[in-house]
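Report on the following structure.
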Amino acid sequence: MDKPERRISVSEITSENVTSDEMLGQAGIVAYIDKRGIYRYVNQEWVDKTGIPSEEAVGAKITDILSGSEAMKAMKTKKDISGVMYYRTYKGREYTAFTKYRPVRREDGEICGCLAESIFENMGEAASFVLKFSKIREKEGKTASNPALTGKYTIDSILGISGATERLKEQIILAAETNAVCLIEGETGTGKELVAHAIHNLSSRNSFPFIRVNCSAIPENLMESEFFGYEEGSFTGGLKGGRIGKFEAADHGSLFLDEINAMNITMQPKLLRVLQEHEIERVGGNESIPVDARIIAASNKPLSSLVRTGEFRQDLYYRLNIIHITIPPLRARQEDIEILTSSFIERYNAELERNVSGITNEALNYLKSRKWPGNIRELQNNVERAMVVCRDDTLKLEDFIKFGDQENELGQELTTEKRVPEADKYTESVSLSDVKHEIEKQTIIEALNKCGNNKSEAARALKISRTLLYRKLKKYNIEM
């Protein structure tokens, strides 16, 4: 069913607002003609383009001013008329424009006038629009047929009930309403890419590509060609016909630059130029190519601190830091742990073919007591590991400590407020740290026994690196 035409009522065009372009909400040429064909209002753009002073036009008949106007026909047929060219000869001067005529109705539905608005001012503008529109529709079709180019996550994918999470969602909504460059900062595992997806999918660019680039994963010698593309023959091994870069691939859409803090210092000024000029030049080429990609960058380290150490350009930092979103760590939003855990249980029930219905309060309190230096990603890994060893329909505390409380590579210890069952033989005078170390030592010994003293297999079973395992063996004087 066709969308019904929007009717303009006389209440929308009154003596108070008919002289206000802002109230009319129009851009370009605007004129109002009453049902007798007399100009009642022309805006400044109309005056500038036609060369006729408003005091001369207002009160005059259309036929005394212009030839080719379709205002009277629009009022007679009571329908909008678009794309019509009108011509005017005024003291030897001619003017042409593509115009839309929109009948104005009184509250009783009767036509009382017509609003004339310019669509394009010349054939060149119209042809340019058609060409750009065709390219946009072509790119939109390619995006729709290729799920890899679209944002997978929405704002509903961000789970949590904490005030910090609610504020984060508000920032995402605000960021999606503009095309300004956005910088997302947060610790590893907080969900920076998920936020970038959500911004893109809420924005007006969501029908166009969402291109992801991990700046730390691109070799330095390939970074320029990956970003800007290259022409045929630029270097040995290049594709025939050349190749477009990430910026061109993201045209009209969003380009997500993850771990931008790892971008090489020699590449940074080239990125800055693109952000300022909105154009790129392919490797081996000499032609500037305009690009319209919304940049969303992410960093797991504060860029301001890298600017102070000279590792990141100050001018690029300011150019990226238009909209700044900081994702709080998981330890600052413990209220979200329960809902996140439930989501992970549901996910791994399907992936691991399990039927876990929930988690005990004891286990949940344990999770809430952790510091989570790896944030949501670490919580997710812990839930997955617990579901692997779980032999019941509910996750219990022992499922999470089966392989002991691990220390991360930075040596940050993870603590709990309760002693685990294996520590019952110790008196209350023993420190929690001593209990944890003893449990960790026994868990390592048990893993080595099960793996036949194969240290590589034991490290994999314990979900730690082989190097860390050797440090633990030395720490606890374990000889196997």
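Treat the numbers as computed from the prediction; the structure is a model and nothing was measured.
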For a side chain to side chain contact (heavy atoms under 4.5 Å, CB included) check, start with the C-alpha distance between R331 and E187, then their side-chain angles and the critical distance, and finish with the verdict. CA-CA 11 Å; R331 59 184 173 276; E187 296 178 4; 2.4 Å; yes
Do [X] and [Y] have side chains that approach each other closer than 4.5 Å (heavy atoms only, starting at C-beta)?
X    : Y    : value
V274 : F228 : yes
L275 : L320 : yes
F400 : L395 : yes
K246 : L255 : yes
R313 : I265 : yes
E378 : L330 : no
M75  : M72  : yes
D34  : C112 : no

side-chain hydrogen bond (donor to acceptor under 3.5 Å, both in side chains) against N349, all qualifying residues, sequence neighbours excluded: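 Once residues adjacent in sequence are excluded, N349 has no partner under the side-chain hydrogen bond (donor to acceptor under 3.5 Å, both in side chains) criterion.
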Pairing residues for Q380 by the side-chain hydrogen bond (donor to acceptor under 3.5 Å, both in side chains) criterion, not counting sequence neighbours: Y348
Report, one line per pair, each donor and acceptor closer than 3.5 Å where one atom sits in a side chain of residues 169-181; sequence neighbours left out.
{"residue": "K169", "atom": "NZ", "partner": "I158", "partner atom": "O", "Å": "3.1"}
{"residue": "T178", "atom": "OG1", "partner": "A180", "partner atom": "N", "Å": "3.1"}
{"residue": "N179", "atom": "OD1", "partner": "R205", "partner atom": "NE", "Å": "2.9"}

When you compare the side chains of N261 and N300, does any donor N or O come within less than 3.5 Å of an acceptor on the partner?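 N261 vs N300: donor-acceptor pair found between side chains.
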So, D336 versus S162: side-chain donor-acceptor pair below 3.5 Å or not?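 A donor-acceptor contact under 3.5 Å links the two side chains.
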Take F210 and N201, measure what side chain to side chain contact (heavy atoms under 4.5 Å, CB included) needs, and give me the verdict at the end. CA-CA 9 Å; F210 179 79; N201 279 327; over 6 Å; no
Please list, chain by chain and in numerical order, all residues satisfying ring-ring contact (aromatic ring centres under 6.0 Å, His included) with F344, sequence neighbours excluded.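 Counting only residues at least two positions away or on another chain, F344 forms no ring-ring contact (aromatic ring centres under 6.0 Å, His included).
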For Y39, what residues pass the ring-ring contact (aromatic ring centres under 6.0 Å, His included) criterion, not counting sequence neighbours?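 Partners of Y39 under the ring-ring contact (aromatic ring centres under 6.0 Å, His included) test: W46.
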Under the side chain to side chain contact (heavy atoms under 4.5 Å, CB included) criterion, do I295 and L271 qualify, and how do the steps go? CA-CA 11 Å; I295 303 300; L271 173 61; 5.5 Å; no
Taking D393's backbone N and O only, do any of them form a donor-acceptor pair with S357's side chain (distance below 3.5 Å, no angle check)?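 Yes, because the side chain of S357 sits within donor-acceptor range (under 3.5 Å) of the backbone of D393.
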Return yes if some donor-acceptor pair links the side-chain N/O of E259 with the main-chain N/O of S216 below 3.5 Å, else return no.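 Between the backbone of S216 and the side chain of E259 there is no qualifying donor-acceptor contact (under 3.5 Å).
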What salt bridge (Lys or Arg N to Asp or Glu O under 4.0 Å) pairs are there with at least one residue in residues 261-273, not counting sequence neighbours?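 Counting only pairs at least two positions apart or across chains, the salt bridge (Lys or Arg N to Asp or Glu O under 4.0 Å) contacts touching residues 261-273 are E224-K270, R273-E279.
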Any chance you could measure D258, atom CG, to M263, atom CE, to the nearest 0.5 Å?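 It comes to 11.0 Å.
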Evaluate the ring planes of Y153 and H197, with Trp represented by its six-membered ring, and classify them as parallel (under 30°), tilted (30 to 60°) or perpendicular (over 60°). perpendicular
Check the pair I199, C182 against side chain to side chain contact (heavy atoms under 4.5 Å, CB included), reporting the backbone distance first and the verdict last. CA-CA 9 Å; I199 292 173; C182 181; 3.9 Å; yes
